[in-house]
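Before any comments, here is the structure.
Keep in mind that what you see is a predicted model, and the values were worked out from it rather than measured. Heavy-atom basis, side chains included; hydrogens, waters and symmetry copies ignored.
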Amino acid sequence: MIRVGIVGTSWWTDSMYLPALASHSGCRIAAICGRNAEVAHARAQQWGIGLVFTDWRELLTSGEIDAVIVASSNETHAPITRQALAEGVHVLCEKPLALSAAEADLMATEAAGTDLTTMVPFTYQYMPIFAATKRLIDGGFLGTPHHLNLRYFTEFAFDPSYTWRFDKEIAGSGVIGDLGSHWLYYAEWLFGPIAELGCMSAAFVERDARPDGSDYVRGEDSCIISVRFANGALGTLQTCAASWEGTPFEQTHHIDAHGSDGTIYATSDWDTTQEVRVLARGDTGPARAIELAEQWPNVRFDTVHNTYRDIFRTTDVMARRWVDDITAGRACTPDLAAGARVQHLTDVALASAALDGRLLPAAPPGD
C-alpha cells in the first residue's frame with residue numbers, strides 16, 4: 001500500500017487527485033499540506049485524511065509518506081521536488097516543472113540518480129480527442145507530416161483581479177508556461193522533436209496589484225508560438241486566456257493536422273462537443289467522424305466534463321498509473337526529464353517573445 005502525501009489544497013487537487021486516489025486500492029492518501037491551515041483541515045476532513053501539515057518540509061521528513069504529489073504554486077515545485085527526492089520519496093510534480101530550465105535540469109538530474117518513480121502530468125494526452133489524434137498519426141494516417149495547428153482559447157484572464165498565475169516571480173511566466181507548456185509537450189508528442197521556434201506574446205488585460213498593494217511583473221495572457229519540427233513539418237501553437245468562448249467551462253481546444261496522405265480536425269468545447277474528423281487525400285468531404293466512445297468503455301460522453309471525471313477517476317491513467325508504476329517498481333512517463341524538456345522549450349519561447357518573435361534554435365531532446 002503506497003502512502004501518498006499531497007502538497008496543495010486548491011480546486012485542482014480536490015477535483016483531480018483526491019477523488020482519483022481515494023478510489024485506488026493500491027494507495028492511501030496519508031497526508032495533505034497547505035499554507036492555509038483552515039483549508040487544509042477542511043480538505044482532510046472531507047476526504048478522511050489523517051495527517052495535516054502547513055509546512056511541506058515537515059511532511060517530507062515525517063516518515064509518513066512514500067510518495068508526494070506537488071500541486072502547489074510554480075515557485076515551490078523545484079524545492080519541494082528536490083527535497084522529496086533527497087528523502088527517497090516518489091514524486092508527481094505539476095507543470096510547468098520549474099521557473100527555469102536550469103531548475104528543471106537539476107530536478108531531472110537528481111531524479112535520474114535514484115530508483116524513484118516520477119511523473120509530470122500533461123493531462124490532455126489522456127483525453128479522447130488527443131488520444132485519438134495520436135493513434136491516427138502513429139498509425140500513418142497523415143503520411144508525411146506537413147503542419148500542426150494547436151489552439152487553446154479560454155476566458156480566465158478577463159478577470160483583472162490579482163492571481164499568482166500572472167505574477168512572473170511566482171509563476172515564471174503567464175500563459176506561455178501555464179497553457180503553452182501543454183502545447184509544447186503535445187506538439188512533440190504528436191509530430192516529434194522541435195528544431196526551432198519563435199514566439200509573440202501580449203498582455204491584453206490590465207491586471208490589479210497584489211493584495212498587499214505591491215507591484216510585480218505581469219505575465220502575458222496570449223501567445224502564438226511558431227515551430228519548425230526536426231522532420232521539416234511546421235506548426236503554430238496558440239494560447240489565449242482573454243478569448244470569449246461563451247461555454248460553460250469557458251475554454252475550447254482545437255487541433256488541425258495535415259500531411260501528405262490526409263487531414264485530421266479535432267475539437268472540444270468542454271461542454272457537449274468532443275469530436276475528431278478525418279479526410280484521406282482524395283476524399284471530397286465532408287470529413288468523416290471517428291467514433292470516440294468505443295475506445296473508452298464505461299466512460300460517459302454526455303459532457304466533456306463527465307468524460308474528464310471518469311477517465312481520471314476510474315481508469316488507470318495519470319496519478320493512478322503513477323501509483324501502479326511505483327508499486328511495480330517501473331519508470332513512468334512523462335517523467336521529470338520530459339518535464340525538463342518542456343521547460344527548455346518554454347524558456348526558448350520566452351526568450352523569443354522578448355526579441356519580438358525571433359526564430360531561435362531549440363536544443364534537441366536530451367541535450
For this session: Can you label the angle between the Tyr126 ring and the Phe312 ring as parallel, tilted or perpendicular, going by 30° and 60°?
Result: perpendicular
Problem set entry | With sequence neighbours excluded, residues passing side chain to side chain contact (heavy atoms under 4.5 Å, CB included) with Asp212 | Arg210, Ser214
Tell me whether [X] is salt-bridged to [Y], with the criterion being a basic N under 4.0 Å from an acidic carboxylate O.
| X | Y | value |
| --- | --- | --- |
| Asp283 | Arg288 | no |
| Arg320 | Asp324 | no |
| Glu206 | Arg218 | no |
| Asp310 | Arg300 | yes |

Could you check whether [Y] and [X], counting side-chain N and O atoms only, form a donor-acceptor pair closer than 3.5 Å?
| X | Y | result |
| --- | --- | --- |
| Tyr152 | Gln238 | no |
| Trp47 | Asp14 | yes |
| Glu75 | Trp164 | no |
| Thr252 | His254 | yes |
| Asp335 | Thr333 | no |
| Thr267 | Glu275 | no |
| Thr236 | Asn149 | yes |

Problem set entry | Same apolar cluster (I L V M F W Y, side chains within < 4.5 Å links), Trp270/Phe158 |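 No, Trp270 and Phe158 fall in different hydrophobic clusters.
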Looking at [Y], is its backbone amide N or carbonyl O close enough to the side chain of [X] to form a donor-acceptor pair, meaning the two atoms are under 3.5 Å apart?
| X | Y | answer |
| --- | --- | --- |
| Thr114 | Leu116 | yes |
| His77 | Pro96 | yes |
| Asp261 | Thr144 | no |

Exercise. Does a side-chain heavy-atom distance below 4.5 Å link Thr118 with Trp322?
Worked result: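 Result no, sub-4.5 Å side-chain heavy-atom pair not found.
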Exercise. Salt bridge (Lys or Arg N to Asp or Glu O under 4.0 Å) between Asp178 and Lys95: does it pass, once the steps are laid out?
Worked result: CA-CA 8 Å; Asp178 189 359; Lys95 61 84 204 162; 3.5 Å; yes
Exercise. Stepwise, does the side-chain hydrogen bond (donor to acceptor under 3.5 Å, both in side chains) test hold for Thr154 with Glu245?
Worked result: CA-CA 7 Å; Thr154 184; Glu245 294 297 282; over 6 Å; no
Looking at [X], I want to see if its [atom1] is surrounded by more than 12 non-hydrogen atoms of other residues, nucleotides or ligands under 6.0 Å.
| X | atom1 | value |
| --- | --- | --- |
| Glu169 | CD | no |
| Arg135 | CZ | yes |
| Gln45 | CD | no |

For this session: Applying salt bridge (charged side-chain N to carboxylate O under 4.0 Å, His left out), name anything that partners Arg28, two or more places apart in sequence or on another chain.
Result: none
